[in-house]
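The structure displayed is predicted, hence computed values, not measured ones. Chain A is the first sequence line, chain B the second, and so forth, proteins listed ahead of strands; every chain is numbered from 1.
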Amino acid sequence: MLQLNYIRDHRQEVVDRLAVKNFEGGVIIQSIVELDDKRRETQKQLDDIQAQSNLLAKEIGFLLKSGKSDEANVLKEKTGRLKDKSKDLEVSFEAIKKELDDLLVRVPNLPHFSVPVGKTPEENLIVFQEGKVITAAATDLPHWELTTKYDLIDFAAGNKITGAGFPLYKGKGARLQRALVNFFLDEAVKAGYQEVQPPYLVNAASAYATGQLPDKDAQMYHVGLDDLYLIPTAEVPVTNIYRDTLLKIQDLPIMNVAYSGCFRREAGSYGKDVRGLNRLHQFDKVEIVQVAHPETSYNILESMREYVSGLLRKLELPFRVVKLCGGDMSFTSALTYDMEVWSPAQARWLEVSSISNFETFQSNRLKLRFKYETGKIQPAHTLNGSALALPRIVAALLENGQTPEGIRIPPALSAYTGFEMIR
RNA sequence: GGAGAGGUGUCCGAGUGGUCGAAGGAGCACGCCUGGAAAGUGUGUGUACGCCAAAAGUGUACCCUGGGUUCGAAUCCCAGUCUCUCCGCCA
């Protein structure tokens, strides 16, 4: 969520920038500031009363000690009245705070100044493109046929075991998955990331802190009996490592990488969107997460983008980088690059990574701060990106690598698969 | 799942009703000492939200969480939760 003080000091700017995200914020910002005024006023009253009570309590203590119980009793009556008053104030103070908080979490993050205005993905900005965008030959197959032809994935079996969107990888298909995970993890470690293995289930506090709750709860699988959520991405547990944390400035930047299964309900998706590996309920992903100093976070965002580009190059996939327009950005992000690979058979770009700077939006919820040597405390910036999500990478590898002899595996990866062709 | 013990500041650890934001130690920061270092020594060393134009200062809250008792709670009571030990079960 946004910082309250920033909203107070930059009301018009906040409303204007929210408009870039197509969020009409005038009314809610107004209410937030008014509620905050009320909150301050109530706190002042409450604090004053409590200060009085504390003083009286001390006096009573002294009086009782020196045997003046009559005088003490007089004071006791007085504190009784103060207590009633402070109870009332406390109740309304809590109510105001809750109301304020409920409003604050409904305000999306401010887009970075460079974010293009727009409503739909068509208005995203293509900032970079590399590789040969090939047109599929008449004999070329889409990946969902290739996986059957070479017996790599059994969608029907997954369907029987669980349901649609839960594929069963087999043989070289399974090996390819494992190879990709290892390749991505090794590359990240080489680039300086610390490898972590997070839990796959998180509690509501964690889901709330990274912004999946309260607005995207329909996207997550919920285990009702234990009130836990299956992670939609490793971003959730990994970022939550730093919930309620006060770092030293020299701890920054923190670089973590995690492989995890990801679980998404994907309610409302249909059609070509969910064909084959395009959109699954369970998939594998390697995620990079950084906690950064506010002054360097945008450089780090660029370096993450460069890092992911490097992976795609090693996989020899044609890709492009897209800067999302305001309307296509997520609730929590300040600036997002999508990395997309080319699917010749579908003749379209597939998103395989989304790299975002959240600035202080997550850290405010997380209570993730760092401390300067001078003692000054400030929220840190959080960033993350997929590096990379597997299914569409697999789709692109299969479609781009298909030859009459079989599917060619790029050398960087065949070192991990142990085979160079899928025949 | 059963039994017991316990959750105090960055860490260790004292504190069982008042003047306790909390002894002592370690760590850390700065200074002294030293040719330099170690040792020694001195000082400092929390977070959140307010008030104040602001620095200084100052108010409130916080000793796992939430309730309660009391004029007053780290300290007493209740509930929850987590950790540890033993037993059971088990990859």
Return the pairing partner of [N] with a 3.5 Å limit on both distances, Watson-Crick or G-U wobble; otherwise return none.
N      : answer
A91(B) : none
A48(B) : U60(B)
U34(B) : none
A14(B) : none
C20(B) : none
U75(B) : none
G4(B)  : C84(B)

Inset, instruction - Decide whether T210(A) and E235(A) meet the rule of one side-chain donor and one side-chain acceptor closer than 3.5 Å. - result: no

Inset, instruction - May I ask you to decide if the ring planes of Y6(A) and H10(A) are parallel, tilted or perpendicular, using 30° and 60° as cut-offs? - result: parallel

Inset, instruction - Determine the interplanar angle of the F183(A) and Y416(A) rings, folded into 0 to 90°, and report it as parallel if under 30°, tilted if 30 to 60°, perpendicular if over 60°. - result: perpendicular

Taking [atom1] from [X] and [atom2] from [N], how many angstroms apart are they, rounded to a whole number?
X       : N      : atom1 : atom2 : answer
D36(A)  : G50(B) : CG    : P     : 6 Å
D244(A) : U10(B) : CG    : C1'   : 16 Å
I49(A)  : G50(B) : CD1   : P     : 19 Å
K38(A)  : C49(B) : NZ    : C1'   : 18 Å
I249(A) : U10(B) : CD1   : P     : 19 Å
Q250(A) : C28(B) : CD    : P     : 12 Å
N203(A) : C82(B) : CG    : C1'   : 13 Å
L247(A) : U47(B) : CG    : C1'   : 15 Å

Inset, instruction - Respond yes when some side-chain nitrogen or oxygen of R40(A) is under 4.0 Å from OP1 or OP2 of C49(B), and no when none is. - result: no

Legend entry - U47(B) phosphate, OP1 or OP2, under 4.0 Å from K371(A) side-chain N/O: yes

Inter-nucleotide [atom1] distance ([N], [M]), Å rounded:
N      : M      : atom1 : result
U58(B) : A73(B) : P     : 23 Å
A14(B) : U75(B) : C1'   : 13 Å
G7(B)  : C64(B) : P     : 8 Å
C63(B) : U8(B)  : P     : 12 Å
U70(B) : G18(B) : C1'   : 12 Å
G15(B) : C33(B) : C1'   : 36 Å
C20(B) : A61(B) : C1'   : 15 Å
C30(B) : U85(B) : C1'   : 44 Å

Legend entry - Residue whose closest nucleotide on RNA chain B lies nearer the 5' end, N5(A) versus I377(A): I377(A)

Legend entry - Of F62(A) and K248(A), the one whose closest RNA chain B nucleotide lies more 5': F62(A)

Legend entry - Between H381(A) and F370(A), ring centroids under 6.0 Å: no

Shortest non-hydrogen contact between [X] and [Y], atoms and distance:
X       : Y       : value
V291(A) : L368(A) : CG1-CD2, 3.8 Å
A179(A) : T417(A) : CB-CG2, 3.5 Å
H222(A) : L228(A) : CD2-O, 3.3 Å
C325(A) : N124(A) : N-OD1, 2.8 Å
A345(A) : P142(A) : CB-CA, 3.4 Å

Legend entry - Cationic tip of K172(A) above F419(A) ring, under 6.0 Å, 45° of axis: yes

Inset, instruction - With the side chain counted from C-beta on, respond yes when Y307(A) and E187(A) share a heavy-atom pair under 4.5 Å apart, and no when they do not. - result: yes

Inset, instruction - Looking at every strand, decide which applies to R369(A) at a 4.0 Å heavy-atom threshold: base, sugar-phosphate, or nothing. - result: sugar-phosphate

Identify each atom pair where a protein N or O and an N or O of nucleotides 67-72 of chain B are less than 3.5 Å apart, giving names and distance.
from   : atom 1 : to     : atom 2 : distance (Å)
C71(B) : O2     : A57(A) : O      : 3.4

Inset, instruction - Measure from the side-chain heavy atoms of L246(A) and tell me the nearest of G50(B), U19(B), U47(B). - result: U47(B)

Inset, instruction - Tell me, with the steps shown, if L152(A) and L398(A) meet side-chain contact (heavy atoms from CB on, under 4.5 Å). - result: CA-CA 10 Å; L152(A) 303 173; L398(A) 298 180; 3.8 Å; yes

Report all interatomic pairs (protein N or O, nucleotide N or O of nucleotides 60-63 of chain B) with separations under 3.5 Å.
from   : atom 1 : to     : atom 2 : distance (Å)
U60(B) : OP1    : N54(A) : ND2    : 3.3
U60(B) : O2'    : D47(A) : OD1    : 3.1

